[in-house]
There are 2 protein chains.
Amino acid sequence: MKITMKDIAKEAGVSVATVSHVINGTKRISEEKEKRIWETIKKYNYVPDARAKQLRLQKTKTAALVVSSLPDSYVTGFVNAVGMRARELGYHLLFVNTNENLEHEKETIHLLSSHMVDGIILSPSQSDISYLQTYIDQHLPIVLVNRYDPKITNIPRVVADDFQAGYDATIHLLQHGHKHIGVIYGVPNVSTTNQRIEGYKTALQEHGVPFNEHYLEMGYATVEGGYNAVKTLLNRHQEITALFVLNDAMTIGALKGIHSLLLKCPDDIALIGFGDFEAASVTDPPITNIYLPPDTIGRTAFDILINRINNPNYCKSVSLPTSLIIRKSCGC
Amino acid sequence: MKITMKDIAKEAGVSVATVSHVINGTKRISEEKEKRIWETIKKYNYVPDARAKQLRLQKTKTAALVVSSLPDSYVTGFVNAVGMRARELGYHLLFVNTNENLEHEKETIHLLSSHMVDGIILSPSQSDISYLQTYIDQHLPIVLVNRYDPKITNIPRVVADDFQAGYDATIHLLQHGHKHIGVIYGVPNVSTTNQRIEGYKTALQEHGVPFNEHYLEMGYATVEGGYNAVKTLLNRHQEITALFVLNDAMTIGALKGIHSLLLKCPDDIALIGFGDFEAASVTDPPITNIYLPPDTIGRTAFDILINRINNPNYCKSVSLPTSLIIRKSCGC
DNA sequence: TTGTACGCGTTATCAC
DNA sequence: GTGATAACGCGTACAA
């Protein structure tokens with residue numbers, strides 16, 4: 001049931017006008033009443049209805065950004081796919097990039113929960129998404145993409161089969177005779193990273209290769225971050241002959257790093273990336289990648305969201321297969 | 001002045017209920033009245049207020065997409081910059097990708113004009129944006145980015161100095177002794193393409209090199225498109241020794257094409273791109289590019305939009321400088 | 001502090 | 001069958 005300012009006012013034993021003033025700080029209200037009102041607001045996790053506010057104030061505090069095309073790459077492709085599907089189904093899309101910042105993400109979800117949108121597709125910044133439970137209880141339709149918390153099962157999600165992908169990549173490197181395989185990742189404690197590393201471990205184990213946790217190197221999920229991570233890792237472990245990098249930007253940085261160390265790829269160091277980007281076929285050498293299907297993920301996520309909007313109990317989760325695109329960076 | 005359903009009803013001599021039924025097709029209304037109502041709607045370019053509708057119907061037909069990061073590349077970087085600035089100023093951002101489709105763009109602007117947003121940053125699909133005049137007359141705040149119509153001066157814009165960029169790129173190639181320089185572009189009749197080509201022509205002229213219009217090759221603005229365009233162009237004009245490609249995706253495709261023709265870059269064909277992408281430093285060879293500053297363009301566009309929102313007469317236009325990033329694809 | 005008109009469409013109800 | 005009247009959705013801000 002949706003809770004309005006009227007409900008808050010009744011519960012706190014004041015008028016809606018008073019509640020409004022407290023929320024907006026537009027007038028001094030007595031200490032105790034103000035406190036009681038805030039408590040009631042917290043209790044019900046109340047957020048003023050954005051539309052009513054906009055209608056009254058005659059402004060939306062929303063700007064539109066319209067562009068005529070988006071070049072490809074995983075997240076971009078994904079954003080694009082969601083946009084296309086949204087359009088096909090007569091929906092608009094409000095877009096927010098939280099820049100891997102949890103606070104920003106929490107604020108965003110809170111804001112959006114003000115009936116600003118019918119539902120949310122969320123690619124979380126971390127795996128700890130327990131804060132979402134409140135909104136789920138309030139029947140705010142949410143679909144998780146890419147990352148999720150395995151312990152939370154009442155939120156639908158669409159993700160890639162990261163375990164299998166990590167496994168496949170590792171097997172590919174093992175088949176080329178590599179025994180010392182480094183892994184470079186950007187974001188810790190998220191299901192994507194964890195699952196890919198699990199797949200990596202499993203593949204190693206099946207081939208009787210011991211797992212060395214020092215072969216796991218974290219860095220910022222940027223070109224620069226990948227560059228630094230590679231240099232650190234290879235300087236410390238000269239026995240490493242292959243690298244598995246978990247995202248596009250770091251893959252580019254890793255290749256830069258390999259070049260700067262005057263190493264030959266794939267002769268000295270084999271490289272396999274995750275995500276796949278347009279330029280991967282023209283790099284020196286062309287990079288073998290695990291391909292993530294942004295289009296399928298995006299469209300599926302939107303379709304699931306619509307189902308969830310129409311039926312609050314709908315809770316299907318999907319895990320999509322990835323594929324290995326073989327180029328030259330592993331010595332094939 | 002904002003026009004409401006009440007105004008339409010009065011003008012057409014009917015009640016608001018009738019107007020609503022006509023718009024939504026929820027009831028049979030007599031031929032003549034329906035016709036009269038539609039005419040009035042067209043006359044005033046009336047669009048029902050999205051917020052009032054949403055408030056009444058308790059749904060927004062809007063979904064949110066929240067992602068935790070966007071990898072870089074020009075448009076992506078630009079989108080990201082606008083998003084950051086919007087957040088800093090307490091705005092939300094509705095995002096639409098029109099996929100270079102003019103009809104889609106027109107529909108979008110029309111929809112957004114329903115007070116759905118306070119203002120619009122538009123990267124048009126074509127230079128013919130005369131259809132915007134109606135909205136400008138209605139004081140819908142719009143800022144143009146990247147592309148514009150030189151004839152329309154009452155819409156603020158922020159663009160790169162495309163003429164100078166085209167000039168700089170060409171001069172760079174001329175200085176390396178190239179006389180037969182091909183140009184590959186994706187979108188015809190837009191200011192970006194036109195201006196860059198103007199710069200190219202001017203540079204040629206200053207160096208006494210004749211302009212050959214057959215050196216201009218158009219293709220789809222994709223990797224595939226760049227690939228095909230290069231093959232077509234180089235097969236037809238074997239004397240060409242340098243290529244200037246006007247966007248990232250086609251630049252990647254062009255390099256692919258050069259490889260597939262078994263030509264050496266830069267020895268056989270020099271290459272200079274436009275936009276610059278992360279992987280450009282690790283391609284074979286690393287690609288010299290004209291760099292467009294997405295961050296500055298995005299933030300500036302948003303700031304101008306805010307000014308326009310606060311003052312309908314504000315109409316500053318900005319042209320930002322580009323820079324040449326020298327790598328190896330020109331033989332430096 | 002609070003009652004209440006208002007912003008703008010939608011739709012159930014009622015009148016012709 | 002056609003069309004108008006009016007209540008409603010939810011905050012805001014002025015008058016009391």
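Below, chain A is the first sequence line, B the second, and so on; all start at residue 1.
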N or O in side chain of [X] less than 4.0 angstrom from [N] OP1/OP2:
| X | N | value |
| --- | --- | --- |
| A:Thr18 | C:dT2 | yes |
| A:Lys53 | D:dT12 | yes |
| A:Thr4 | D:dG9 | no |
| A:Ser20 | D:dT12 | yes |
| A:Tyr46 | D:dC10 | no |
| B:Thr26 | C:dT11 | no |
| B:Lys27 | C:dT11 | no |

Starting at [atom1] of [X] and ending at [atom2] of [N], how long is that distance when rounded to a whole Å?
| X | N | atom1 | atom2 | answer |
| --- | --- | --- | --- | --- |
| B:Ile29 | D:dA4 | CD1 | C1' | 10 Å |
| A:Arg51 | D:dG11 | CZ | C1' | 12 Å |
| B:Lys59 | C:dT10 | NZ | P | 12 Å |
| A:Asp7 | D:dG9 | CG | C1' | 13 Å |
| B:Arg56 | C:dT10 | CZ | C1' | 5 Å |
| B:Ile37 | D:dA4 | CD1 | C1' | 12 Å |
| A:Glu32 | C:dT1 | CD | P | 7 Å |
| A:Lys6 | D:dC8 | NZ | C1' | 9 Å |

NA contact type, [X], heavy-atom cut-off 4.0 Å: base, sugar-phosphate, or nothing?
| X | answer |
| --- | --- |
| B:His21 | base |
| A:Ile23 | nothing |
| B:Gln58 | sugar-phosphate |
| B:Val19 | nothing |

Can you confirm whether the side chains of [X] and [Y] place a donor and an acceptor under 3.5 Å from each other?
| X | Y | answer |
| --- | --- | --- |
| A:His104 | B:Arg87 | yes |
| A:Arg147 | A:Gln126 | no |
| A:Ser125 | A:Thr98 | no |

| request: Look at A:Lys61 together with B:Asp118 and state whether they make a salt bridge at an N to O cut-off of under 4.0 Å. | output: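 Answer for the salt bridge query: no.
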
Query - Salt bridge flag under 4.0 Å for residues A:Arg299 and A:Glu88 - result: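 Counted as a salt bridge, because a side-chain N and a carboxylate O are separated by less than 4.0 Å.
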
Side chain of [X] (C-beta onward), nearest among [options]:
| X | options | value |
| --- | --- | --- |
| B:Arg28 | C:dT11, D:dG11, D:dT2 | D:dT2 |
| B:Ser30 | D:dT5, D:dT2, D:dA7 | D:dT2 |
| B:Met5 | D:dG3, C:dT11, C:dG9 | C:dG9 |
| A:Lys33 | C:dT1, D:dG11, C:dT4 | C:dT1 |

State, yes or no, whether a side-chain contact exists between B:Arg157 and B:Val143 at a heavy-atom distance under 4.5 Å.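 No - every pair of side-chain heavy atoms lies 4.5 Å or more apart.
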
- prompt: More 5' along DNA chain C: B:Leu55 or A:Val16, using each one's nearest nucleotide?
  reply: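 Closest to the 5' end, via its nearest nucleotide, is A:Val16.
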
